[in-house]
J.: 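Let me give you the structure first, and then I'll get to my questions.
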Amino acid sequence: MKKFLTILAMFASLALIAAACGSTLDEAAETATDAAGDAADAVDEAMEDDEAMEDDEAMEDDEAMEDDEAMEDGDAMAEHLGDGSLGTVIVEDGAEVQIRSLNAISGDVAFLGLPNQRGVEQAVVDYGDIKGFSVTSGEGLDDLCSADGGQAAAQQIVADEQIVGIIGTSCSGAATAAAPLISDAGMVMISGSNTSPALTSDQQGNAGPDWRVGYYRTAHNDLFQGAAMAEFVFNELGLTSAAAIHDGDPYTNGLADAFANAFSELGGEVTSVTGVAKEDTDMVPVLTEVAAGSPQALFFPIFQPAGDFVADQAGGVAGLEDTVLLAADGLLNDGFMGLEQSVGIHFSGPDTRFGTNTNQSTGVSAEDFLATYEANNGSAPEAPFWGHSYDATALLLDAIDAASWVDGDGNLNIDRQGVRDHLNSVRGYEGLIGTINCDDFGDCGSQKITIIEHLDAADIPASQANVVFEYAPQ
Amino acid sequence: MTAAVKVKGARRTGVDWFLLFLRVLLIGLIAIGLLAFIAQQIDPNNWFARLTHDGEAASRLSWPQFRGLIVTGLSQGAMYGLIALGYSMVYGVLGFINFAHGEVFMVGAFTGFIMSNKFDEAGWWDGPIFIPVILITILVSTLVATATAVIMERVAYRPLRGSPRLIPLITSIGVSFFIQNAVILLFGPGAKGYPPNPDWLEETIPVVGIEVKKLLVIVVAAISMAGLWYFVERTKTGKAMRAVAEDKEIASLMGIDVNKTIVTTFAVGGAMAGIAGILWGILFKSVIATTGFLPGIKAFTAAVVGGVGNLGGAMAGGVSLGSAEALAPLMLLEPLGVEGPSQLRDAVVFTLLILVLLVKPTGLFGERLSSEDRA
Amino acid sequence: MSNATKTPILEFRNINTHYGAVHILKDVNLAIYPGEMVCLLGGNASGKSTTLKTLLGMVTPTTGEVVLDGEVVNDKPTSYRVERGITMVPENRRLFKRLSVGENLQLGAYLRNDKDGIKNDLERIYDMFPRVKERLTQKAGTLSGGEQQMVAMGRALMASPRVLLMDEPSMGLAPALVQTNFELIQQIHEEGIAIFMVEQNANMALSIADRGWVLQTGKVVLDDTADALLQNPDLRKSYLGEA
């Protein structure tokens, strides 16, 4: 008996130490926002960057470049982008240009990764040949939405020197592990759904801890989503005090902090930024902690199931009866919005009203894309990042075109550095998701965030169309 | 472990000093935290509060907020207590920890999910006959959980009777995985929602400020515990159960069927877990295949805190654990300046466990067992 | 006694038992008749405990028959035998220490359903052991050794046995209590209950018993009346401490 208790005590001590260490790490991550992958981590979109816009004029213009290439068709060797510093991929006459899709296509998050992969595949088809060479995205690879999955897939990719670049990953956690390998191999990766600020920059000119030079994304940086929500609460709702709850995950942590920082910069009072444990079901203690500061608004950019409990229990906590509840795209899904308690909550998320936006490289519009998608797959995509993945693919193919030439033997030569040079210079590119501009740290996304008000658990599409606020930093 | 025979005046070893240090540290932290809490309730802008809150004043909890914490702690603790009973009873009778007991609880919650949704489709869940409907749901959930526990004993543990205690312990971990995965296979890995409760259940009783559903949880748990107490203490079967827990050989000498009594023990423990499961569903309206894990571990902790094998201890352990979990983040950690104190709830639970084991190794209500009873 | 005319309540016919590969009881034959007092003597590891366990069905013999009222009960559980009037006061009493004295007594009557009979037996036990009645609500573990012995006997009597097996009744008792204890046993015997006593204190046991057996490494080496055994020189040498 005593022995048993001793072992138990040791067990418990270990658990305690683990818990303590875990929380320390979380705190460190609050600023560093290191990217542990989560399905909904990726459920975010792309944003435009002020600074990048300003730089625009100083940089050379996209269309001008295209004109250049058209003119120098005959003697291409001299007129391609890149200095050869990262080597050259030689595609032999008759072979295909190799790119890959790396997305979460199995498990719980397949709803996110599959549309991404299909977006890549459709873009390859729509784009057509590059200088007479056809392009293939090969067999779709799986990032498993985890660091391990991202690393394993990246190792497989870098072993194949014919691959120029990849479109992915779906999850930020997978990207954190994959980006160093891909970047070191001279390849590029463009993600359609990573949103962790750690992968690019803090939007103040400082690279994130996980930033790599070959990394790009068309999804937004979460800092914008936080800012969008702050603007909405302060300016639109006219509320002056707010609190935020995260769940310790880098995505939610980063978003809660981004919101809090933006809100206090606007002049609002942040009463508390606190955390829940992901497995918690009883939210009364954390809600009471929040209630002690009497905030007028509560932003909880977390996931299910913790989000369900916050939404359900907030009304019963003294001091939160009239507090406006706000959630982010992590909860912007049918599962959460189908719950009665989610009615009345405002959600921030990517502006997915792509409408008739048209990709300038392929000439295909969002409507065309969806028609083809439904025809091929039998149903509409379940997550909106197909558009981001489609544009990412078109950008990559444009870059390959700009960095390649056909040599005397009829082989296509692709300068790896040239691909990056092209991507770094993308400005004012019109994609399905809107206007795309790449900044110095790989943030290329269109910038629109929308905020919707959820009206009816039985009619989720109507709520998703009920945009009450739009945000687009200029 | 060789019994710690301490000779008077024997030198303390490094380990003794460390344990003493740990005791003093933990109790000291609790004392400081509590004092700081009281201080900031009186004056949120006192020097200590400013020190721990980056120079700003702390927030004061209002009475309704404080009351909300107590009620939530009690209702949560009542459920832990119900689950803990099963751990404690099985430990008492068979001397091993049935780690799959949390899954029995989950099965109860899942059955409640199926029943409640069926009733909801029929329009009975949120209707005038809610009371009989909920009673039927509780009954069926309890029966299914009981059956699960009994089958578990028959299939997984009985064949191992007489083997070293570690064997059924490891088996129980396997059983736990098996049940979790079976549920995933049957119902999928996602969260399953209960239908919304009738409005009156979500109301707060005016003057006392208790939510009706939490009151329901506390009342049902209290009735179940009282029923169990009566069963174990007053009925013939209950006495037989206690006799088997103490000495199987002599119990069988009295003519008690030991196997049947062990099955009864599992069944009763399963029933309590089943009741906890459906209460959980009503309170949180959501269940997934892994729902049983964390409450299971905490209930087990509650059983140890209360003294394993002691039923009153399991109940008391559950309630004190639930209350500590609800109150400690704001009454101890927040005043000490810990950020995101609610994230450390689990740490609170296990610290409490360590503290109790350090101060009273047999648990709060545990009796020191003589060596002839337990190896 | 005219044993020839009575059927034994309990009987061993050529019993052999094994514990793993170890041969414990070797061709043991015993018979206990209604109302008599018999004792089984033997040193350590002679097979006394195994004999008791086999009688009660806690050990199954490899060969041979355990016969209860003429019925072979080898494959019947303990409860079956208890129900038919066999019960035991175990070595060291083995009370349920965390249960109250009253509960211990009630458990003795676990298999009985005759409420009136149980009530009568309780009264009888209170008469026999007034101290037990005083301590009814107390936990059995808190009693003194002598009181525990009383409760243990009371518990056994609550089963309303025809044969009472006693495993080392004087073990662990203060010398002063041993005498009292044997007086109690005689008192029970006088109520017509057959007693089968396993005892190391051969002198004491034989002085109150009718018959006795001596068991040595699993074999019955002596089987005679108590008086004869008391006179047996071999026995005197090995068990009665006479040189």
Side-chain angles (χ1 to χ4, degrees), chain A residues 1-6 8-9 11-20 22-23 26-27 30 107-108 245-248 271-294 304-305 308-309 312-313 315-320 335 338-341, chain B residues 1 3-4 58-69 71-73 75-76 189-191 193 196 202 204 209 211 280 283-286 288 290-291 293-295 301 304 308 325-327 329-330 334 338-347 350-351 353-354 357-358 361-362 369 374-375:
Chain A
M1 182 63 192
K2 214 166 176 195
K3 188 173 189 178
F4 161 73
L5 288 174
T6 312
L8 196 75
F11 236 129
S13 325
L14 284 176
L16 186 69
I17 291 165
S23 78
D26 283 348
E27 276 157 34
E30 250 169 70
D108 295 350
I245 295 178
H246 60 80
D247 67 7
T271 59
S272 60
V273 177
T274 188
V276 293
K278 282 183 188 183
E279 316 78 31
D280 268 0
T281 44
D282 184 1
M283 298 297 173
V284 172
V286 72
L287 289 169
T288 305
E289 183 194 346
V290 167
S294 315
Q304 281 188 293
D308 303 357
F309 302 129
D312 186 41
Q313 294 166 29
V317 173
L320 291 181
L339 300 173
E340 279 300 324
Q341 66 254 34
Chain B
M1 190 164 130
S59 318
R60 186 187 274 164
L61 285 186
S62 68
W63 163 240
Q65 287 166 350
F66 192 68
R67 188 175 56 196
L69 287 178
V71 172
T72 202
S75 56
Q76 187 90 39
E202 296 288 342
T204 301
E211 284 166 84
W280 179 274
L283 207 51
F284 298 123
K285 303 189 200 73
S286 166
I288 59 176
T290 50
T291 290
F293 179 73
L294 210 56
T301 309
V304 176
V308 211
E325 207 183 52
L327 293 172
L330 293 183
E334 202 273 339
V338 176
E339 282 181 36
S342 296
Q343 284 179 303
L344 296 178
R345 289 170 71 175
D346 297 352
F350 295 117
T351 310
L353 174 68
I354 293 173
L357 293 186
L358 279 175
T362 50
L369 304 170
R374 299 274 177 256

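Computed from a predicted model, the values in this text were never measured in an experiment. The chains referred to below are lettered A, B, ... by the order of the sequence lines, with proteins before strands, and numbering in each begins at 1.
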J.: So which residue, B:Q76, B:Q65, B:K285, ends up with the most heavy-atom pairs under 4.5 Å with chain A?
T.: B:Q65
J.: Keeping B:R345 on the side-chain end and A:D280 on the backbone end, is there a donor-acceptor pair under 3.5 Å?
T.: no
J.: Among the options B:S59, B:P295, B:S75, pick out the one with the most heavy-atom pairs lying under 4.5 Å from chain A.
T.: B:S59
J.: A:P285, A:G319, A:S294: which one forms the most heavy-atom pairs within less than 4.5 Å of chain B?
T.: A:P285
J.: Quick one: what part of B:T72 sits under 4.5 Å from any heavy atom of chain A, side chain, backbone, both or neither?
T.: both
J.: Picking from A:V286, A:I245, A:D282, A:T288, which has the most non-hydrogen pairs under 4.5 angstrom with chain B?
T.: A:D282
J.: Which value, rounded to the nearest 0.5 Å, describes the distance between A:T281 atom OG1 and B:L283 atom CG?
T.: 8.0 Å
J.: Check side chain to side chain contact (heavy atoms under 4.5 Å, CB included) between A:Q341 and all other residues, then give those that pass, not counting sequence neighbours.
T.: A:D308, A:A311, A:D312, A:L339
J.: Counting only heavy atoms closer than 4.5 Å, note whether A:E340 contacts chain B via side chain, backbone, both or neither.
T.: side chain
J.: Where does B:L327 contact chain A at under 4.5 Å (heavy atoms): side chain, backbone, both or neither?
T.: neither
J.: Could I get the full list of ring-ring contact (aromatic ring centres under 6.0 Å, His included) partners for B:F284, not counting sequence neighbours?
T.: A:F309, B:W280
J.: State the NE2-CD distance between A:H246 and B:Q343, to the nearest 0.5 angstrom.
T.: 5.0 Å
J.: As an exercise, state the distance from CD of B:E334 to OG1 of A:T274, rounded to the nearest 0.5 Å.
T.: 8.5 Å
